[in-house]
2 protein chains.
Amino acid sequence: MTKNVFDKPLEKSTTSLIKDAGKLVASYPKVPITVDCVIFGFEESELKVLLIRSDLEMYKGLWSLLGDNVKNNEELDHAAYRVLKERTGMNDVYLDQVRAFSHPQRHPAGRVITVAYCSLLNIQHHELKIYKNELHWHSFSSIKGLAFDHKEILDACYKWLQKRIQEHPLGFNLLPDKFSLRELQNLYEAILGVSLDRRNFRKKFASMDLLIDVGEMEEDVPHRPGKLYKFNFEKYEKNKRKWIGIDF
Amino acid sequence: MTKNVFDKPLEKSTTSLIKDAGKLVASYPKVPITVDCVIFGFEESELKVLLIRSDLEMYKGLWSLLGDNVKNNEELDHAAYRVLKERTGMNDVYLDQVRAFSHPQRHPAGRVITVAYCSLLNIQHHELKIYKNELHWHSFSSIKGLAFDHKEILDACYKWLQKRIQEHPLGFNLLPDKFSLRELQNLYEAILGVSLDRRNFRKKFASMDLLIDVGEMEEDVPHRPGKLYKFNFEKYEKNKRKWIGIDF
DNA sequence: ATTTATTATGTAAAAAGTACACATTTCGGA
DNA sequence: TCCGAAATGTGTACTTTTTACATAATAAAT
């Protein structure tokens, strides 16, 4: 985090200056802000999205993204983490801001600006607890319409993910700790919507040298089991910079 | 723009439903929203940023980004374009949302959330009119500190630009209509902070086939003049998709 | 005419990406 | 226990992209 002027002790006349600034700011229009989280999961070779039944009567029967209003003096990132924690019980989930949506009529009750977040988690994770039965995982490709402008937000986050996953090894956040190369490839194919050559795919990951062979095999598969790997998060964090040049 | 539910005529009971939703939304905390534009220019082989003297007494002597509050029912993009138009007189400027900044103490007068925009324009453009003498172009590399959290915003936009310019031909927005390959290369070198091989650089742009030789030469240079080119915006717009796969 | 600075250009080597086939292993059922 | 089905695991040739590198030609300034 960059140091900013607030880290310095306040100077003599600052209190009155803040009052002046306060008057200025007080004249600005004020808007309710929400965060909306697109929570992606991966199961049965399909990309999934966690949705909730809309809490608005007028959207009865429609699903919507998980969101909440942003509290007083709450950071946007914090609000998004809070939503995740409240809805899934999980901490330490991959989360990134995508962008703000501000169409004046996007909320039927009047103006609400929302900031969209994209989050990736492992559906099978033991800490994952989907509270309330209004929450369900939906296959991404089957989602046709959502409440509010949430379909637009979902599509933006999906595109964001498609691009992002080609530049950073994010996919692991969607998989169990131990996974086979087939699962990994299925994941990439599902997200990118293409089919990939198995040998080239494996070669690519081998060259990255970020997979650790855990010395175990798949179980309960109706065919020859594959080796299981885990992602070398430590090594990735260390060498992050060289991945995309700048740590963006 | 995705079609949303508001395109449909309202159903019978909708009015009262909106009232319910309205009550809900009315309970949300409300926040002043601003947009801040990082306006990049390029001159004398240097990346420049347009800054204004801070209008807050307490930041006297410090520079800040160009911004404004977002009006009632105004889209964020619209607010950013408005700032650009008001400050530079220019329309049709390249502009893109980067992200929101929400640190609760980022504004001394209390909570203000801002959405950062990155904009690229041609400093020499004949329509460019910098109103008021509180506005000045600053060499990017010389900017040490800014009012508010604007240095942090500037750095985020700069990183965003570095990444973006490697994926899309944005650089042309910073150059005159006609430019030499040397100017183009200087631009890339300034933004990326590296030096590039001239032959390979030219080869790369030649292979894109997006430059039109206008049949003129540089003038007033103290050495052998180079050919002038213009960017083939039409062709680029047509083939945009193939550039990065998805039109992101 | 000479010097200086810059334009313009090609080729070879290395790296990365793509296309493609076959033997091996396990499961499960006959 | 044998066989078929289904998936794993592996290598090589070809193409494309990226990188490294040097010399002749042009215009300006003196």
Side-chain angles (χ1 to χ4, degrees), chain A residues 44-46 162-163 165-169 171 175-176 178-190 192-230 239 242-246, chain B residues 44-45 162-163 165-169 175-176 178-190 192-230 239 242-246:
Chain A
E44 289 162 7
S45 299
E46 272 194 321
Q162 284 192 317
K163 183 175 151 66
I165 203 177
Q166 295 184 68
E167 300 171 343
H168 301 271
L175 292 176
K178 299 170 186 177
F179 51 85
S180 68
L181 289 172
R182 158 62 56 187
E183 289 176 285
L184 186 59
Q185 184 174 342
N186 285 343
L187 173 64
Y188 275 77
E189 291 180 336
L192 299 176
V194 296
S195 67
L196 302 168
D197 179 88
R198 189 154 46 101
R199 276 167 295 186
N200 293 338
F201 182 83
R202 297 161 92 96
K203 206 191 308 174
K204 179 138 190 180
F205 274 94
S207 77
M208 287 185 198
D209 197 27
L210 281 176
L211 297 184
I212 300 169
D213 182 340
V214 294
E216 298 172 40
M217 306 298 275
E218 284 182 300
E219 280 169 30
D220 304 319
V221 288
H223 53 74
R224 174 179 177 184
K227 285 185 180 179
L228 293 179
Y229 297 85
K230 63 180 185 179
N239 305 344
K242 82 163 193 224
W243 242 247
I244 268 308
I246 323 280
Chain B
E44 290 163 3
S45 298
Q162 284 191 316
K163 183 173 150 67
I165 203 178
Q166 296 185 69
E167 301 170 343
H168 300 272
L175 292 175
K178 299 171 187 174
F179 51 86
S180 66
L181 288 173
R182 158 61 57 187
E183 289 175 287
L184 186 60
Q185 185 174 343
N186 285 343
L187 173 64
Y188 275 77
E189 290 181 335
L192 299 177
V194 295
S195 67
L196 303 168
D197 179 89
R198 189 148 48 99
R199 276 166 295 186
N200 293 338
F201 182 83
R202 296 159 94 95
K203 206 192 307 174
K204 179 139 191 179
F205 274 93
S207 77
M208 288 185 196
D209 197 27
L210 281 177
L211 297 184
I212 301 169
D213 182 341
V214 295
E216 299 171 43
M217 306 299 272
E218 284 182 299
E219 281 169 29
D220 303 319
V221 286
H223 54 75
R224 176 178 175 185
K227 285 185 181 182
L228 292 178
Y229 295 86
K230 63 180 185 180
N239 304 346
K242 81 164 192 222
W243 242 249
I244 265 309
I246 323 281

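Each chain gets a letter, A, B and so on, in the order its sequence line appears, and its residues count up from 1.
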Review point. What heavy-atom pair brings A:L196 and A:Y188 nearest, and what distance separates the two atoms?
Key: CD1-CB, 3.9 Å

Revision key, fill the gap. What one should report as the nearest heavy-atom pair of A:F205 and A:L211 is CB-CD1, 4.0 Å

**Study point:** side chain to side chain donor-acceptor pair (under 3.5 Å) partners for A:D209, two or more places apart
**Key:** A:K235

Check your understanding: Starting at the 5' end of DNA chain C, which residue's closest nucleotide do you reach first, B:Y229 or A:R199?
Key -> B:Y229

Study note, to complete from the structure: Between A:L187 and A:G171 the two heavy atoms that sit nearest each other are CD2-O, 3.3 Å

Practice item. Figure out the CZ/C1' separation between A:F201 and D:dT8, and round it to whole Å. Key: 14 Å

Review point. Residues in side chain to side chain donor-acceptor pair (under 3.5 Å) with A:K203, at least two apart?
Key: A:N200

Exercise for review: Not counting sequence neighbours, list each pair that qualifies as a ring-ring contact (aromatic ring centres under 6.0 Å, His included) and has a residue in residues 206-229 of chain A.
Suggested key: none

**Study point:** Separation of D:dA6 C1' from A:E218 CD (nearest whole Å)
**Key:** 12 Å

**Study point:** Angle by which the axis turns from one end of the helix from C:dA1-D:dT30 to C:dA30-D:dT1 to the other, five pairs per end, to 10 degrees
**Key:** 0°

Practice item. Work out which heavy atom in A:N186 is nearest to a heavy atom in A:S45; give both atom names and the distance. Key: ND2-OG, 3.2 Å

Could I get a table of every N or O pair under 3.5 Å where one atom is in the protein and the other is in nucleotides 24-30 of chain D?
from   : atom 1 : to     : atom 2 : distance (Å)
D:dA25 : N3     : B:R224 : NH1    : 3.0

**Study point:** side-chain contact (heavy atoms from CB on, under 4.5 Å) partners of A:I212, counting only residues at least two apart
**Key:** A:K230, A:N232

Exercise for review: Scan B:R202 against the nucleic acid and name what it touches under 4.0 Å (heavy atoms): base, sugar-phosphate only, or nothing.
Suggested key: base

**Study point:** With sequence neighbours excluded, residues passing side-chain contact (heavy atoms from CB on, under 4.5 Å) with B:P176
**Key:** B:N122, B:Q124

Check your understanding: D:dA6 C1' sits how many Å from A:R198 CZ, rounded?
Key -> 10 Å

**Study point:** chain B contact limits on DNA chain C, taken 5' to 3' with a cut-off of 4.0 angstrom to heavy atoms
**Key:** C:dT6 to C:dT11

Practice item. Applying side-chain contact (heavy atoms from CB on, under 4.5 Å), name anything that partners B:R198, two or more places apart in sequence or on another chain. Key: B:R182, B:Q185, B:R202

Point to revise | 5′-ward residue of the pair A:K204/A:D197 relative to DNA chain C | key: A:K204

Check your understanding: Does A:S180 offer a backbone N or O that forms a donor-acceptor pair with the side chain of A:E183 under 3.5 Å?
Key -> yes

Just the atom pairs and distances: protein N or O near nucleotides 12-16 of chain D's N or O, under 3.5 Å.
from   : atom 1 : to     : atom 2 : distance (Å)
D:dT12 : O4     : A:K203 : NZ     : 3.1

Revision key, fill the gap. Applied to residues 214-228 of chain A, the salt bridge (charged side-chain N to carboxylate O under 4.0 Å, His left out) test, sequence neighbours excluded, yields A:K178-A:E216, A:D213-A:K227

Point to revise | Distance, nearest 0.5 Å, that separates CZ of B:F201 from CG of B:L184 | key: 4.0 Å

